[in-house]
Amino acid sequence: MAMVGSSIEQQPQIILLKEGTDTSQGKAHVVSNINACTAVADAVRTTLGPRGMDKLIHDDKGNTTISNDGATIMKLLDIVHPAAKILVDIAKSQDSEVGDGTTTVMLLAGEFLKFEKIFIEDGVHPQNLIRSYRTACYLAIEKIKEIAVSIEGKSMEEKKSLLAKCAATTLSSKLIGGEKEFFASMVVDAVMAIGDDDRLNLIGIKKVPGGNMRDSFLVNGVAFKKTFSYAGFEQQPKKFLNPKILLLNIELELKSEKENAEIRLSDPMQYQSIVDAEWNIIYDKLDKCVKSGAKIVLSRLPIGDLGTQYFADRDVFCAGRVAEEDLRRVAAATGGTVQTSVNNFVDEVLGSCEVFEEKQVGNERFNIFSGCPSGQTATIVLRGGADQFIEEAERSLHDAIMIVRRALKNSTVVPGGGAIDMEISRFLRTHARSIAGKSQLFINSYAKALEIIPRQLCDNAGFDATDVLNKLRQKHALGTGANYGVDINTGGVADSYTNFVWEPAVVKINAINAATEAACLVLSVDETVKNPKSESAQGEAAASAMAGHGGAAFRGRGGRGMRR
């Protein structure tokens with residue numbers, strides 16, 4: 001019998017996966033995934049809120065980025081851990097869907113996971129947790145919808161001030177928070193200007209270093225940098241009232257023949273006639289442009305020195321090599337259409353605007369079209385001291401613009417400053433008591449996790465978080481203080497609603513949804529298999545190298561014996 005026993009022990013191990021494959025599974029693996037995600041959330045933890053810090057990221061190309069935007073930071077960090085990438089993805093999705101709340105989403109997901117970890121270590125099955133968290137998420141979103149206040153049906157003035165409050169809340173956590181009122185009203189005007197057509201690229205943001213933030217301004221129309229210009233440009237008038245604008249996609253200069261055409265000439269006069277023909281063609285083109293009655297000619301392709309001077313003599317302003325997106329925006333604003341040929345212009349294709357002028361902004365000249373008829377576009381010209389600063393201001397404005405667009409569309413707002421989170425937390429706690437069984441504990445932990453937002457707001461501002469949270473819990477427990485959140489200025493609590501700390505309900509709904517999904521996703525993974533780099537690829541590379549270097553040495557052996 002002893003023999004049989006030993007032979008069983010000697011059975012070879014079953015090899016399923018290629019050698020070098022990493023597999024990790026079981027409870028420890030879930031916990032390690034959770035730890036990775038919490039580490040990612042910790043990276044952006046301190047950027048939350050009006051007193052949040054910024055991160056400086058220095059990439060391999062030597063570019064430095066200073067940012068407070070969760071999604072921007074995540075894009076720039078190269079995260080390799082497979083589970084932690086989920087957090088990066090939810091930050092990106094929040095950014096593209098709503099624009100703001102990227103840090104919130106990652107913090108929530110990290111916090112949910114932190115509380116789940118305790119249960120997992122105690123041996124709770126992940127599916128039980130997932131089920132409870134999904135229920136809690138559903139309840140939380142219903143609660144948000146119930147609390148949210150609609151801004152429909154108010155007058156334009158009221159709406160504007162409401163939207164400005166939302167934009168100011170978003171901007172308060174960014175670098176330009178000091179001037180948030182100034183920028184908030186600018187953003188609202190820009191979004192109102194593009195109206196229902198909410199393509200983001202209709203709002204141009206141009207960056208000009210120099211000056212200070214207060215020198216930034218909004219153009220109700222289009223502004224772009226003066227393009228490369230040829231001699232004769234100085235003679236052109238630089239200001240028009242109610243001009244007609246012609247947009248082209250053709251070059252107005254002498255071009256050498258593209259095809260390698262060969263012409264044999266027997267007489268120098270014939271050469272002259274060819275040259276004349278070329279000149280006639282371009283003069284004909286220029287003449288048609290002037291005859292169309294346009295006072296401003298813009299083209300995506302170059303307008304040469306001949307064209308520039310020809311237009312200057314006839315008091316027409318021209319600019320060649322205009323960037324494509326700028327040309328598109330001019331077309332949208334002035335109601336013109338871009339032409340690809342100069343033949344038979346009709347009046348419909350010409351755009352118009354009230355005032356066109358070329359202005360000095362910093363050390364750049366800007367061409368500015370304002371008072372456009374369709375008014376479907378706006379341009380914000382940003383000024384500031386350092387390049388990184390302007391870059392960050394642009395990202396902050398992008399967030400604010402997204403928020404205002406969302407608030408216009410889904411016109412409901414909720415109190416910010418951690419008020420809504422505390423209210424949902426209280427609601428879920430009371431709800432959990434009515435549930436028998438384990439899920440009472442899970443929903444309770446979900447409720448507790450939501451408190452991370454007000455807690456982090458306090459931590460980042462340097463207040464005593466425990467103290468503030470106790471005050472908040474007390475206010476919310478009374479049932480009358482549903483709108484109470486952290487007061488950043490005093491370190492106490494205040495009614496976020498009357499302090500105008502508002503955010504669109506969409507932001508919160510999306511954040512809670514995405515965070516819960518991410519938390520459930522990380523929990524539901526119980527094994528990771530990492531395939532090794534295939535050996536054949538390495539072998540082939542080595543073999544081809546060998547063949548190059550004295551491969552003849554091996555030929556005598558009939559190709560055998562290379563690998564022992």
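All values below were derived from every heavy atom in this structure, side-chain atoms included, with hydrogens, water molecules and symmetry-related copies excluded. Since this is a predicted model, take the numbers as computed values, not measurements. Just so you know, residue 1 is the first one in the sequence shown, and it goes up from there.
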Worksheet item: Any donor and acceptor pair, going by atom type alone, linking the side chain of T516 with main-chain N or O of C137 inside 3.5 Å?
Response: no
Worksheet item: Is the backbone N or O of C318 less than 3.5 Å from a side-chain atom of Q236, with the two atoms forming a donor-acceptor pair by type?
Response: yes
Worksheet item: Is any side-chain N of the basic residue among E325 and R328 closer than 4.0 Å to the acidic one's carboxylate O?
Response: no
Fill in: salt_bridge(E503, K508) N-O dist < 4.0 Å
yes
Practice prompt. Please check if the side chain of S216 supplies one atom and the backbone of R383 the other of a donor-acceptor pair under 3.5 Å.
Written response: yes
Worksheet item: Should L397 and F183 count as side-chain neighbours, where that means a heavy-atom distance under 4.5 Å?
Response: yes
Discussion item. With rounding to the nearest 0.5 angstrom, report the CD1 to SG distance, I250 to C289.
Written reply: 6.0 Å
Practice prompt. State whether K92 and D95 are salt-bridged, where the test is any N-O pair (Lys NZ or Arg NE/NH1/NH2 against Asp/Glu carboxylate O) under 4.0 Å.
Written response: no
Worksheet item: Should the pair D387-K207 be classified as a salt bridge under the 4.0 Å nitrogen-to-oxygen rule?
Response: no
Discussion item. Please determine whether side-chain contact (heavy atoms from CB on, under 4.5 Å) holds for the pair L87 and M74, giving the CA-CA distance in whole Å, both sets of side-chain angles, and the decisive distance to 0.1 Å.
Written reply: CA-CA 9 Å; L87 285 197; M74 284 298 118; 5.8 Å; no
Worksheet item: Does D267 use its side chain to pair, donor to acceptor, with the backbone of Q270 at less than 3.5 Å?
Response: no
Worksheet item: Does one side chain, of Q388 or T64, offer a donor that lies under 3.5 Å from an acceptor on the other?
Response: yes
Discussion item. One thing to verify: whether E179 and R214 come together as a salt bridge, which I'm taking to mean a side-chain N less than 4.0 angstrom from a carboxylate O.
Written reply: yes
Worksheet entry | Side chain N460, main chain L48, donor-acceptor under 3.5 Å | yes
Worksheet item: Has the side chain of N212 got a donor or acceptor atom that lies under 3.5 Å from a matching backbone atom of D215?
Response: yes
Fill in: Side-chain donor or acceptor of T379 paired with backbone N/O of G221 under 3.5 Å
yes
Discussion item. Under a 3.5 Å cutoff, is there a donor and acceptor pairing between the side chains of Q309 and D313?
Written reply: no
Practice prompt. Taking atom NZ of K238 as the centre, report whether more than 12 heavy atoms of other residues, nucleotides or ligands fall under 6.0 Å from it.
Written response: yes
Worksheet item: How about T102 and D69: does a side-chain donor come under 3.5 Å of a side-chain acceptor?
Response: yes
Practice prompt. Compute both the distance and the angle, then confirm whether K288 meets the cation-pi test with Y310: under 6.0 Å from the six-membered ring centre, within 45 degrees of the axis.
Written response: no
Discussion item. Could you check whether F311 and F317 have their ring centres less than 6.0 Å apart?
Written reply: no
Fill in: Interatomic distance, L108 atom CG to N513 atom CG [nearest 0.5 angstrom]
11.5 Å
Item to complete: Look at D326 together with K206 and state whether they make a salt bridge at an N to O cut-off of under 4.0 Å.
Response: yes
Item to complete: Before giving the answer on side-chain contact (heavy atoms from CB on, under 4.5 Å), spell out for L247 and V330 the whole-Å C-alpha distance, their side-chain angles and the decisive distance to 0.1 Å.
Response: CA-CA 8 Å; L247 308 166; V330 174; 3.8 Å; yes
Worksheet item: Does a donor on one side chain and an acceptor on the other come within less than 3.5 Å for D276 and Q272?
Response: yes
Worksheet item: So, T46 side chain and M53 main chain: donor-acceptor pair closer than 3.5 Å or not?
Response: no
Worksheet item: Between the side chain of R300 and the main-chain N/O of V322, is any donor-acceptor distance below 3.5 Å?
Response: no
Worksheet item: Is it true that atom CZ of F217 has more than 12 heavy atoms of other residues, nucleotides or ligands lying nearer than 6.0 Å?
Response: yes
Discussion item. Side chains of K145 and T412: any donor to acceptor distance under 3.5 Å?
Written reply: no
Practice prompt. Before accepting this row, confirm whether a basic side-chain N of the pair K226/E358 lies closer than 4.0 Å to the acidic partner's carboxylate O.
Written response: no
Worksheet item: Less than 4.0 Å between a side-chain N and a carboxylate O, is that true for D287 and K291?
Response: yes
